[in-house]
Amino acid sequence: MKEITRRKFMATATVATGFALAVQPISAGVITTDAKGLVAGTVKIPVKDGEIPAYRAAPAIGDNFPIVLVIQEIFGVHEHIQDITRRFARLGYLAIAPELFVRQGDVSKLSNIDEIRPIVAKVPDAQVLSDLDSTVEWAKKSAKGNGEKLGITGFCWGGRITWLYAAHNPQVKAGIAWYGRLVGDATELQPKYPIDIASKLTVPILGLYGGKDTGITLDTVEQMRDRLKSSSSKSEIIVYPNAPHAFFADYRPSYREKEAQDGWKRLLAWFKQNGV
C-alpha cells in the first residue's frame, strides 16, 4: 500500500467507520456505549503539515473538562477506540483519539495484520509526539478542555506511546499504558523505547500487562520496573498473571472481563489520585 500523499491526506483523511477489517469477526459480547448526552464524532486537528482527523467525545453540557488522550492500537481509530472515548465522556472527560497513522495509510481498510505492520513501522515517533502536542492545544483552545488536567492512555502500540509521550510532555498529569512494548531495537524512526526513558520519567504512569502475553515477556516487564525505581514518577506496573495480550479488547477473543474491569477501575482511580 502506497503512502498517502499530502494532497490526498488533506482531502480524504477520516476516522474509521465500524471495526477495522483485520479484527473480524467481532465478539458477540462487545461493549457498546451510546452518544446520548454527548458531543461525539470526527474533528480535524491542525498539525504542522495540515490536518489530521480525530474522534472526540465530551459531555454535551459544560466546559473546562479534564482531557484524556486515547492512543490507538495498531488497527487505528476504529469503533473500539471510539467507544472508549465515549466511556470517558460519560464520566465527564473530553476524550480525543487522533489518527496517528493517517499520513502512512488507512489501516482500517486492510484485512491482514501482515499488511498493517509495514504501514505502522513507517510512523516516526517524532511525528506522533508532535501530533499529540497539537491535539492537546486543540483540546484547550477549541474543545473546552482543561490543560491543567491532562491524562493519557493507550493500548498495545498506543501503550508504548503513552510512556514516551509522558516523558516528552511533563504537562501530562498521569497515564495508563495497557500492554505497550517496553524494549526494542532503536531505529531512526523509533529511536527510544519506554525502558530508555524510565529512569528520568517524572509523570506517574500505571502499566497494565498480561502474564500470558507472548509478545511482551515478563523479563522485560521486570527490567522496566527496575528502571522505574530510580525515577521520581512513582509509576507502577500491574501484571495480571493469567491475562494474554489485548485483554481489554472486548471485541476480540483475547478479552478477559475480570482483568479488563479491574484495569479500568485502576485507571479511573489513578487519574483521580493524580489530578486528572
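These numbers were taken from a predicted model, which means no experiment stands behind them.
Note that CD1 of Ile152 and NZ of Lys173 are 15.0 Å apart. Values are rounded to the nearest 0.5 Å. Separating the CD1 atom in Ile26 from the NE2 atom in His80 is a distance of 10.0 Å, to the nearest 0.5 Å. Distance check, rounded to the nearest 0.5 Å: CG of Asp226 to OG of Ser230 gives 7.5 Å. Between Thr217 atom OG1 and Arg181 atom CZ the span is 10.0 Å, to the nearest 0.5 Å. Taken to the nearest 0.5 Å, the SG atom of Cys156 stands 11.0 Å off from the CD1 atom of Ile161.
Between Phe155 and Trp178, the ring planes are parallel. Angles under 30° get that label, and only those over 60° would be called perpendicular.
Counting heavy atoms from C-beta outward, His168 and Asp133 have side chains that approach closer than 4.5 Å. His245 has its side chain within reach of Ile216: a pair of non-hydrogen atoms, C-beta onward, lies under 4.5 Å apart. Residues Tyr165 and Val172 have side chains in contact (heavy-atom distance under 4.5 Å, counting atoms from C-beta outward). When side chains are defined from C-beta on, Pro66 does not count as touching Leu94, because their heavy atoms never get closer than 4.5 Å. Annotation: side chain of Leu208 is in contact with side chain of Phe247 (closest heavy-atom distance under 4.5 Å). For the pair Arg90 and Thr33, the minimum side-chain heavy-atom distance is below 4.5 Å.
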- Item | Full working for side-chain contact (heavy atoms from CB on, under 4.5 Å) between Glu222 and Arg225 | CA-CA 5 Å; Glu222 290 306 319; Arg225 275 178 168 159; 2.6 Å; yes
- Task: For Phe248 and Tyr255, run ring-ring contact (aromatic ring centres under 6.0 Å, His included): C-alpha distance rounded to whole Å, both residues' side-chain angles, the deciding distance at 0.1 Å, then the answer.
- Result: CA-CA 6 Å; Phe248 190 78; Tyr255 179 59; 7.3 Å; no
- Any chance you could lay out the side-chain hydrogen bond (donor to acceptor under 3.5 Å, both in side chains) test for Thr187 and Gln190, step after step, and finish with the verdict? CA-CA 5 Å; Thr187 66; Gln190 292 93 31; 3.3 Å; yes
- Please step through side-chain contact (heavy atoms from CB on, under 4.5 Å) for the pair Leu110 and Leu21, ending with a clear verdict. CA-CA 6 Å; Leu110 301 176; Leu21 291 180; over 6 Å; no
- Step by step, work out the side-chain contact (heavy atoms from CB on, under 4.5 Å) result for Val47 and Arg103. CA-CA 12 Å; Val47 293; Arg103 296 173 188 77; 3.4 Å; yes
- Start with the C-alpha gap between Lys212 and Asn242, add the side-chain angles, then the distance that decides, and say whether side-chain contact (heavy atoms from CB on, under 4.5 Å) holds. CA-CA 6 Å; Lys212 301 295 186 183; Asn242 297 314; 3.9 Å; yes
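A salt bridge does not link Lys48 with Asp131: none of the charged nitrogens is closer than 4.0 Å to a carboxylate oxygen.
Nearest heavy-atom pair across Thr135 and Ile96 is CG2-CG2, 3.7 Å. The shortest non-hydrogen separation linking Ala35 to Ala40 is CB-CB, 4.1 Å. Heavy-atom minimum distance, Tyr193 versus Leu164: C-CD2, 3.9 Å. Listed here is the closest heavy atom pair of Asp213 and Gly215: OD1-N, 2.9 Å. What you find for Val123 and Phe101 is that their closest heavy atoms are CG2-CD2, 3.8 Å. Closest approach of Thr85 to Ala97, counting heavy atoms only: CG2-CB, 4.0 Å.
Judged by distance alone, the side chain of Arg56 and the main-chain N or O of Ala95 form no donor-acceptor pair under 3.5 Å. Between the side chain of Asp250 and the backbone N or O of Val30 there is no donor-acceptor pair closer than 3.5 Å. In this structure, Tyr240 contributes its side chain and Lys258 its backbone to no donor-acceptor pair below 3.5 Å. Of the possible polar contacts, one joining the Gln82 side chain to the Val77 backbone as a donor-acceptor pair under 3.5 Å is found.
By the salt bridge (charged side-chain N to carboxylate O under 4.0 Å, His left out) test, Asp219 is found to be paired with no residue, residues two or more places apart in sequence or in another chain being considered. Listed by chain and residue number, nothing satisfies the side-chain hydrogen bond (donor to acceptor under 3.5 Å, both in side chains) test with Glu115 (two or more places apart in sequence, or in another chain). Qualifying side-chain contact (heavy atoms from CB on, under 4.5 Å) partners for Ala246, counting only residues two or more places apart in sequence or in other chains: Tyr179, Ala249, Arg252, Ser254. Remark: Glu79 engages Arg86 in a salt bridge (charged side-chain N to carboxylate O under 4.0 Å, His left out) (not counting sequence neighbours). For Ser233, the side-chain contact (heavy atoms from CB on, under 4.5 Å) test picks out Leu201, Leu228, Ser231, Ser235, with sequence neighbours left out. Evaluation of the salt bridge (charged side-chain N to carboxylate O under 4.0 Å, His left out) rule for Asp125 yields Arg160 as partners, not counting sequence neighbours. Qualifying side-chain hydrogen bond (donor to acceptor under 3.5 Å, both in side chains) partners for Ser27, counting only residues two or more places apart in sequence or in other chains: none. In this structure, the salt bridge (charged side-chain N to carboxylate O under 4.0 Å, His left out) partners of Asp262, at least two apart in sequence or on a different chain, are Arg266.
Within the structure, no pair that satisfies the salt bridge (Lys or Arg N to Asp or Glu O under 4.0 Å) test touches residues 185-207, not counting sequence neighbours.
By the criterion of side-chain heavy atoms lying less than 4.5 angstrom apart, applied directly or through intervening Ile, Leu, Val, Met, Phe, Trp or Tyr residues, Leu267 is grouped together with Ile205 in one hydrophobic cluster.
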Which donor-acceptor pairs under 3.5 Å do the side chains of residues 268-276 make with protein atoms, sequence neighbours left out?
residue	atom	partner	partner atom	Å
Trp270	NE1	Gly175	O	3.4
Trp270	NE1	Pro204	O	3.1
Asn274	ND2	Trp270	O	2.9

Identify each donor-acceptor pair in which a side-chain atom of residues 140-150 lies under 3.5 Å from a protein atom, sequence neighbours left out, and give them as a table.
residue	atom	partner	partner atom	Å
Lys140	NZ	Glu137	OE2	3.0
Asn146	OD1	Glu148	N	2.9

Could you list the donor-acceptor pairs under 3.5 angstrom formed between side-chain atoms of residues 67-76 and any protein atom two or more places apart in sequence or on another chain?
residue	atom	partner	partner atom	Å
Gln72	OE1	Leu100	N	3.1
Glu73	OE1	His78	NE2	3.1
Glu73	OE1	Tyr251	OH	2.8
Glu73	OE2	Tyr251	OH	3.1

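For the side-chain contact (heavy atoms from CB on, under 4.5 Å) criterion with Leu206, the lone passing option out of Ile176, Ile237, Thr153, Thr162 is Ile176.
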